[in-house]
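Presented below is the structure to which this report refers.
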Amino acid sequence: MYIKDIAQFEGKEIELKGWVANRRDSKGLVFINLRDGSGLVQCIADQSKLTEDEFNCAGKLGLESSIEINGLVVKDERQIGGFEVQVSALKVLQFTEDYPIAKKEHGIDFLMDKRHLWLRSQRQWAIMKIRNTITFAIHEFFQKEGFIQMDAPIFTGNACEGTSNLFETDFYGDPAYLSQSGQLYGEAMAMAFGKIYTFGPTFRAEKSKTRRHLSEFWMIEPEIAFCDIHQNMDIIESFLQYVIKKVLADCQHELNLIDRDQSVLKTSLEPFPRLTYDEAVAIIKGEKDVNGQNSIKSLEDELEQVNQQYQKMEAEIAEREAKLAIPGMKKGEINFNQNKVATLKQELKDLEEAQRNIPQWIASAKNFEYGNDLGGSDETVITRLFDKPIMVYDWPHEVKAFYLKRNPESPRFARGVDLLAPEGYGEIVGGGERETDEQKLREKIIEHDLPMEAFEWYLDLRKYGTVPHAGFGLGLERLVTWLCKLKHVRESIPFPRMYGRLLP
RNA sequence: UCCUUGAUAGCUCAGCUGGUUAGAGCGAGUGACUGUUAAUCACUAGGUCCCUGGUUCGAGCCCAGGUCAGGGAGCCA
């Protein structure tokens with residue numbers, strides 16, 4: 001018996017096992033919000049309906065105490081799930097004292113230290129449920145489309161995209177690296193099965209402290225034989241839209257719990273704009289407008305708005321603090337105003353961040369140098385102008401990986417594609433059409449200063465029946481972060497591993 | 001690696017120009033209340049002001065170095 005199915009048991013006696021998510025008491029009554037992993041329900045312990053011992057126990061339950069109850073399911077519109085349980089019997093498995101995560105705001109460092117407990121909170125629960133739906137939808141899409149799932153090795157002897165950000169380990173006395181991509185192995189499997197995808201962990205030793213980097217993350221890498229860059233973009237689009245549709249269909253409750261505005265998810269079911277690198281650069285530099293919006297202008301407008309909002313908030317804080325200074329205010333009112341001031345100050349800090357960041361972004365966009373890769377801020381700048389993901393393709397070949405094919409009509413471009421998520425999220429997919437010519441690959445390997453002997457097996461793929469093929473890599477956590485509109489990627493995975501964070 | 005902000009009670013924070021005994025809310029504990037939703041109300045306990053050194057009659061506050069964390073850049077999914 002799980003709380004999520006409670007509606008089927010109206011008027012019936014049930015048994016529930018779970019944890020105390022909240023408790024309030026009143027004379028003769030104890031209200032327990034019970035959490036069982038599937039949902040949340042309020043249980044009422046009434047002194048007149050329980051033994052003295054049971055009622056005393058109910059009153060002593062600390063947050064996250066584990067209990068078993070029996071009770072009657074009653075319809076009550078006021079409650080979250082529309083039902084409550086009138087307790088007829090209560091058994092305590094453990095009284096919990098001093099549960100560290102209190103019913104109030106906490107700082108991120110504290111919460112990350114308590115991640116193993118934080119996962120029990122409603123918001124984190126909802127995010128992990130959505131992550132699960134996304135994972136399932138990904139498998140479902142590829143399986144339906146006839147892709148074979150493969151597991152790429154995690155220990156690798158060669159670096160596929162440079163060596164600076166690899167985790168080195170000891171493999172029976174030889175150096176080995178934790179995989180930063182399964183792609184080269186995926187290409188080999190695609191030559192055996194036609195269409196494959198990997199779904200596995202990936203490790204990058206980047207000393208990054210930004211909202212979109214993890215040291216360990218999960219990547220999905222499809223690879224398709226007989227596929228060019230345009231067909232690849234078709235697949236990226238239908239794949240992502242499949243996942244988004246699934247989340248919209250199956251996760252309404254969770255999306256509401258985390259207050260996700262769904263309008264952008266819905267417009268993302270329309271075709272994704274496809275821009276060449278040249279077009280994207282023109283937009284970023286403000287030389288070309290999109291839907292009547294100019295990148296530089298919109299940033300300047302936003303900065304102006306931020307400044308105005310900042311002044312408004314400062315005024316409100318001053319006003320409330322002045323009120324608080326006058327004696328005679330009721331306790332409840334004091335609390336309310338103090339909480340309000342605290343949240344306003346928090347928002348003020350966010351605005352200050354924006355005031356520091358936006359001018360940097362404007363400068364970076366204005367001074368963007370043609371031929372460079374897009375930086376994080378450039379991605380933010382361009383994606384803010386669209387209400388759906390965009391795909392940018394045909395990149396200057398110097399900035400992209402060695403295995404990408406050149407555009408035959410314009411060889412200074414490599415046929416790579418990045419998918420940039422809207423709402424400022426930026427790159428969540430990187431991929432492209434692969435180089436098919438052995439000689440050109442050898443030249444590229446030398447150019448990138450990579451050890452040729454480590455790639456001989458990969459070059460075999462071009463020696464024995466080379467065919468046009470393409471694929472891409474999707475960062476699962478970045479997708480979860482965007483779909484849930486999280487501020488930081490660290491909340492998208494149960495136990496994030498990042499620079500400075502190995503525990504819990 | 002660089003830029004930037006910060007570290008004060010279990011948690012979130014305030015602490016004025018360096019000045020006597022360190023402040024609030026939440027949480028915890030005790031009590032009151034039969035319909036609460038982060039319940040409310042009263043009372044109680046709770047401090048190595050991150051570390052090391054310096055300036056000063058006097059440092060939570062100033063200076064130097066370090067540690068840790070937040071945000072951003074580079075790099076990337």
Side-chain angles (χ1 to χ4, degrees), chain A residues 21-33 40 42 44-48 60 62-63 76 78-80 84 97-114 122 161-162 164-165 180-181 183 202 204-215 217-221 321 324 330-332 334-339 341-343 345-346 349-350 352-354 356-358 360-361 363-364 372-380 399 401 418-421 425-431 472-482 487-490 499-501:
Chain A
N22 197 3
R23 193 205 81 216
R24 296 169 295 281
D25 20 322
S26 190
K27 189 178 186 184
L29 283 179
V30 177
F31 301 92
I32 299 164
N33 281 8
L40 206 59
Q42 173 166 281
I44 292 109
D46 188 328
Q47 190 166 23
S48 64
K60 279 194 292 181
L63 286 190
D76 187 335
R78 289 170 299 182
Q79 302 311 324
I80 308 162
E84 64 178 23
E97 283 169 38
D98 297 329
Y99 184 67
I101 299 181
K103 295 179 283 184
K104 63 163 306 204
E105 300 268 335
H106 292 283
I108 189 65
D109 191 32
F110 176 79
L111 289 171
M112 288 308 303
D113 282 341
K114 302 278 181 276
Q122 276 220 84
E161 299 177 22
S164 59
N165 49 21
Q180 61 179 346
S181 165
Q183 189 206 306
T202 307
R204 305 251 169 116
E206 292 156 356
K207 288 186 177 172
S208 298
K209 295 186 88 160
T210 78
R211 59 184 68 199
R212 51 177 175 272
H213 284 90
L214 291 169
S215 302
F217 63 96
W218 288 73
M219 191 150 69
I220 294 91
E221 293 180 286
E321 279 181 338
L324 282 165
K330 275 189 187 161
K331 187 110 186 228
I334 291 174
N335 278 344
F336 177 80
N337 277 296
Q338 279 179 340
N339 284 339
V341 167
T343 44
K345 283 190 176 173
Q346 198 55 49
K349 276 187 183 169
D350 289 350
E352 278 168 16
E353 290 283 356
R356 278 196 292 270
N357 290 336
I358 293 175
Q360 283 178 25
W361 295 348
S364 151
N372 285 350
D373 207 347
L374 300 192
S377 58
D378 307 312
E379 289 178 3
T380 308
V399 302
D418 282 359
L419 179 132
L420 309 180
Y425 281 92
E427 186 172 0
I428 59 174
V429 169
F472 60 93
L474 166 85
L476 176 64
E477 286 73 20
R478 285 194 180 172
L479 179 60
V480 175
T481 302
W482 169 48
K487 273 199 183 151
H488 199 296
V489 70
R490 67 189 153 215
Y499 186 55
R501 173 66 61 185

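It should be emphasised that the depicted structure is a prediction, and the values quoted were computed from it without experimental measurement. Naming: A, B, ... by sequence-line order, numbering from 1 per chain.
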Take the protein atom [atom1] of [X] and the nucleotide atom [atom2] of [N], then report the distance between them rounded to whole Å.
| X | N | atom1 | atom2 | result |
| --- | --- | --- | --- | --- |
| A/Trp361 | B/rA73 | CH2 | C1' | 12 Å |
| A/Ile44 | B/rA39 | CD1 | P | 15 Å |
| A/Tyr499 | B/rG74 | OH | P | 18 Å |
| A/Leu40 | B/rU37 | CG | C1' | 10 Å |
| A/Asn22 | B/rA39 | CG | C1' | 9 Å |

Check whether any side-chain N or O of [X] sits under 4.0 Å from OP1 or OP2 of [N], and answer yes or no.
| X | N | value |
| --- | --- | --- |
| A/Lys209 | B/rG70 | yes |
| A/Arg24 | B/rA39 | yes |
| A/Lys207 | B/rU1 | yes |

Heteroatom pairs (N/O) under 3.5 angstrom, protein to nucleotides 6-14 of chain B:
residue	atom	partner	partner atom	Å
B/rC11	O2'	A/His106	ND1	2.6
B/rC11	O2	A/Lys104	NZ	3.2
B/rU12	OP1	A/Gly107	N	2.9

Residue [X], side-chain heavy atoms: nucleotide from [options] that is nearest:
| X | options | answer |
| --- | --- | --- |
| A/Arg490 | B/rC33, B/rG71, B/rG35 | B/rG71 |
| A/Met219 | B/rG71, B/rA73, B/rA77 | B/rA77 |
| A/Arg211 | B/rG72, B/rG70, B/rU36 | B/rG72 |
| A/Leu214 | B/rG71, B/rU34, B/rA77 | B/rA77 |
| A/Asp98 | B/rA38, B/rA69, B/rA28 | B/rA28 |

Looking at [N], does its base get a donor-acceptor pair with the side chain of [X] below 3.5 Å?
| X | N | answer |
| --- | --- | --- |
| A/Gln42 | B/rU36 | yes |
| A/Glu206 | B/rU1 | no |
| A/Glu84 | B/rG35 | yes |

Atom pairs under 3.5 Å: protein N/O with N/O of nucleotides 45-48 of chain B:
none

Q.
What does the 5'-to-3' dot-bracket notation of RNA chain B look like when only Watson-Crick and G-U wobble pairs under 3.5 Å count, and pairs to other strands show as |?
A. (((((((..((((.....[...)))).(((((.......))))).....(((((..]....))))))))))))....
Q. Hey, is A/Phe217 doing a stacking thing with B/rA77, by the 5.5 Å centroid and 30° angle criteria?
A.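 The base of B/rA77 is stacked with A/Phe217 (centres under 5.5 Å, planes under 30°).
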(Q) A side-chain contact here means heavy atoms from C-beta on lying under 4.5 Å apart; do A/Ile108 and A/Arg490 qualify? (A)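 Yes, at least one pair of side-chain atoms sits under 4.5 Å.
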